[in-house]
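Written below as C-alpha cells is the structure these notes are about.
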There are 2 protein chains.
Amino acid sequence: MRVTSEDGRKPTIIDVAREASVSQGTASDALRGSDRVTEETRKRVKRAAENLGYRVNRVAQGLRTGQSGLIALMLPSAGGVEMLAHEYYVSALIGASRAAVAGDLGLVLLPEIDGDSTGAELADGVIVIDPPRRDPSVKRLRKEGTPVVTIGADPSLPGDPWAVIADNEENCRSVLDRLRASGARRIVLISSDEPWGWFLGNEAAYRSWANEVEMVTTVLSAGPGDRDGARAATADLLTGEDPPDALLALTVDSAIGALEAAQDEGIEVPEGLQIAGLVDGAPLRDGDPAITCFDLDPVAQAEAAVKLLMARIRGEEPSGPVVIDGRLIERESTRPVRDGG
Amino acid sequence: MRVTSEDGRKPTIIDVAREASVSQGTASDALRGSDRVTEETRKRVKRAAENLGYRVNRVAQGLRTGQSGLIALMLPSAGGVEMLAHEYYVSALIGASRAAVAGDLGLVLLPEIDGDSTGAELADGVIVIDPPRRDPSVKRLRKEGTPVVTIGADPSLPGDPWAVIADNEENCRSVLDRLRASGARRIVLISSDEPWGWFLGNEAAYRSWANEVEMVTTVLSAGPGDRDGARAATADLLTGEDPPDALLALTVDSAIGALEAAQDEGIEVPEGLQIAGLVDGAPLRDGDPAITCFDLDPVAQAEAAVKLLMARIRGEEPSGPVVIDGRLIERESTRPVRDGG
DNA sequence: TTGAAAGCGTTACCAT
DNA sequence: ATGGTAACGCTTTCAA
C-alpha cells in the first residue's frame, strides 16, 4: 500500500492521517465528528486536513456508503427541458433547489425522459413532476428500486403514498364557486387538447360542478403555450350566440389569450366578463387587469417533495400523500363578492 | 472475494461475469464495447447483463476513472437560485441542459455560492454564469483544480481563455447606433445601482459612444427587478426639462417600467419616444408595443460553455475565449430606419 | 483473446 | 480511544 503523498495529486485521507500521525480510520472518524476520537486528536486531524487543503472525495465516499448525496428532478418531457418556459416548473425547480441545499443534497436536472441518464443513475432518488400516464423510464426507475417521489399523482400507480399532490378537484371548484359568487352564470372552461391528467381532471371537476349548479358547460381547447389559439377561440365564443359571462383558463397563455380577445371585442373585464386562471404566472400578475387565479404554490410542492424523498431514502414508512393547499389570489379580473354571496 | 449473487442486491458486474462464464475484466470490456473481446463473447455478456437487469454503478465507475460524468452549473448568487426569475438564466439553463444531454453528461444545479456543495464536489467541472467580482467559492474551485468555464468574463481573471463571452461594448453600441439611425438625438440609459460588471460595462460603453457622437448622457438607476422604480424614475425624466427621445434599458423590468411610464404620460411609442432593451424576455415580446432589444442568445452561450468545459476536462488546450454574437431583434418600440441612415 | 489481481478513496468492522 | 484491514464495484495493467 503506497502511503506517500506526491505533490500534484489531491491529498487523500491517507495524507491527512500521516500528517496528523493517526490511522486512516481515525482520521475518517475525526473528520466526520465521531465521538470515538478524543477532542484533542480531532482538532489535530482537522488542522492537518486544513493544512493540506484536503477535501473528502465524495465519489469514494459514495461508493462506500452507497449514497451519492444527489437527488434528481425530472421535468415532464414535452420536448425536453423546455417546459421551463412555464413559470410553474421554474418555481418548482427553485423550491427543489432550496430544499436540496437545506438538506445538504445536490440537485441534478433530469431533462427529457431517456434511457440511461447520468443524472438518474448517480442520484439517490428522483422527484418526478407530473408523471406521464405511461412512461417507461419512470417505470424502470421504480423497478430498479430507485426511490421515487412524484409531484402530482402517477396515473399508473393510483394511491401511491410517495407523492405530493394538490386537490385539483377542490381547487377547481373553489375558483368556480368564487366566479359564481360574484355573479357568473355561464362559465366556459379553456382547456387543452393535450391528454395530460391535469387537463382531464380539471375538465371533469368543471363538468361535475356545473352539473350540480345546473350550469351549461362549454370546453374550449388551445395548446398549452398557444396564446393566439386561445385568443381566436375565445373571440369566436364571445361573438357567438349565448356568450359566457366568465372564463376559467387552465394555462397562463390561455388566460392571457382570453383577456386579449375580450379587449379586442371591447368587452370590459371584469364588468362584462370575468376571467380566472388555475395556475399563476407573471403575465397574470402584470396583466391589465391583473388576473385572478389559483396558485398551486409549486415552490412548496417541490420543497415537500424533497423532504418526502429524503424520508423515503432514509427508509422511513410512507405517511400517505402530502397535500399542498394552494390559495386563491384575488386580482382585478373578477368582480368583488357581494356580502350576501 | 465473495462471488455469490444474493437476490435482493442489485446485480454487479461480477454477477454478469459469472452468468456469462467470463472473468470480471472481460465482462467490463465486453459491456463497454472494447475490441479486446470476441464479438461472440460480447454478445453473450450483453445478454447476461440484460437478463440480470444489470446497470453499471456509476459511482464505482467514477471512483475508478476519476470522472463522475457530471457537470455543474453555478448561477449567480443574488439570494440564491432565485435568479431563475430572469428569463436569461432560464434560457441558459435550458441550453446547458440540452448540451449536457448531447454530451452524455448529467447537469447539477449549483445554487447559491456556498462552502461545500455536494454538486460541486461531485462534478467533473463547473460552469459559472456571470462570475462575481471577488467570489471566494469560484476562487476555491480554481485553486482545487476543478475545471471552470465562465459565461461572461471573470473580473478577477482577465483574459481567461476558458470563457464564453459576448462583446458587450459592441452590442451596446449597435443598439445605440440603431436608435440614432431612426432619429434619436437624446438617449437616456436605464441602468442599475448593482455593481455588477454587466451594468458597469454597458454604462461605460454608453458614455464612450455618446462622447463620440457628442450626445448628452444621462444614466438612470433602478433595481434589477424593480419595474415600478424604473417607471417612476422614467416618469420624472419624461416630465422634466430636456426629456429624452429614446431610452435604452439594461433589464427587462426597466424596459417595461419605462414603457409604462411613457404610456402614463400619454407619450406614443415609438413616435414620441423610442425604447430598446439589452436583453430579451417575454414581457418585451408580449408588450404593446413589443420592445426592440438585443438578444444575447443565452441558449447558445450555455451550449458553447458546455462544449468548452468538455474540452477543458479532456485536457485540451484553450483556444481563446468563445464569443457568441447576439442579434438585434427589431420590434415595434423603435421607428424604422430611413434609407439614408 | 482472456484471466487474475491491483488499485481508486472511503467507511466500518474487529482487534487492541 | 485508536490501529489495522476488509470491503464497496469498477477499470486497467500484467500475465498467460
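Proteins get letters first, then strands, A, B, ... in listed order; numbering begins at 1 in each.
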Dump every N/O contact between nucleotides 13-16 of chain D and the protein below 3.5 Å, one line per pair.
none

If you look only at distance, which donor and acceptor atoms sit under 3.5 Å apart when one is on a side chain in residues 152-165 of chain A and the other is two or more places apart or in another chain?
| residue | atom | partner | partner atom | Å |
| --- | --- | --- | --- | --- |
| A:D154 | OD1 | A:S156 | N | 2.9 |
| A:D154 | OD1 | A:S156 | OG | 2.8 |
| A:D154 | OD2 | A:R142 | NH1 | 2.6 |
| A:D160 | OD1 | A:W162 | N | 3.1 |
| A:D160 | OD2 | A:R142 | NH2 | 3.1 |

Check side-chain contact (heavy atoms from CB on, under 4.5 Å) between B:E50 and all other residues, then give those that pass, not counting sequence neighbours. none

For residues 123-130 of chain B, which side-chain N or O atoms pair as donor and acceptor with protein atoms under 3.5 Å away, sequence neighbours left out?
| residue | atom | partner | partner atom | Å |
| --- | --- | --- | --- | --- |
| B:D124 | OD1 | B:S68 | N | 2.7 |
| B:D124 | OD1 | B:S68 | OG | 3.2 |
| B:D124 | OD2 | B:S68 | N | 3.2 |
| B:D124 | OD2 | B:G69 | N | 2.8 |
| B:D130 | OD2 | B:Y89 | OH | 2.5 |

Specify the residues of residues 38-48 of chain B, ordered by number, for which at least one heavy atom lies under 4.0 angstrom from an atom of DNA chain C. B:T38, B:T41

What salt bridge (Lys or Arg N to Asp or Glu O under 4.0 Å) pairs are there with at least one residue in residues 143-152 of chain B, not counting sequence neighbours? A:R55-B:E144, B:R140-B:E144

Measure distances between side-chain N and O atoms of A:R64 and base N and O atoms of C:dT10, and say whether any donor-acceptor pair falls under 3.5 Å. no

For Watson-Crick and G-U wobble pairs within 3.5 Å on both distances, what is DNA chain D written in dot-bracket notation, | included for inter-strand pairing? ||||||||||||||||

Where do A:Y54 and A:I13 come nearest, in terms of heavy atoms and distance? CE1-N, 3.4 Å

Rounded to whole angstrom units, what separation is found between the CG atom of B:L122 and the C1' atom of C:dG9? 13 Å

Apply side-chain contact (heavy atoms from CB on, under 4.5 Å) to B:S23 and list each qualifying residue two or more places apart in sequence or on a separate chain. B:T26

Taking any heavy-atom pair under 4.0 Å as a contact, classify A:T12: base, sugar-phosphate, or nothing. sugar-phosphate

Whole-Å distance separating the CZ atom of A:R32 from the C1' atom of D:dA1: 16 Å

A:S28 side chain near C:dT11 phosphate (N/O to OP1/OP2, under 4.0 Å): yes

For B:E317, what residues pass the side-chain contact (heavy atoms from CB on, under 4.5 Å) criterion, not counting sequence neighbours? none

With B:E19 via side-chain hydrogen bond (donor to acceptor under 3.5 Å, both in side chains) - residues at least two apart: none

Any side chain to side chain donor-acceptor pair (under 3.5 Å) pairs touching residues 303-316 of chain B, not counting sequence neighbours? B:R314-B:E316

I'd like to check the side-chain contact (heavy atoms from CB on, under 4.5 Å) partners of B:D35; sequence neighbours left out, ordered by chain and number. none

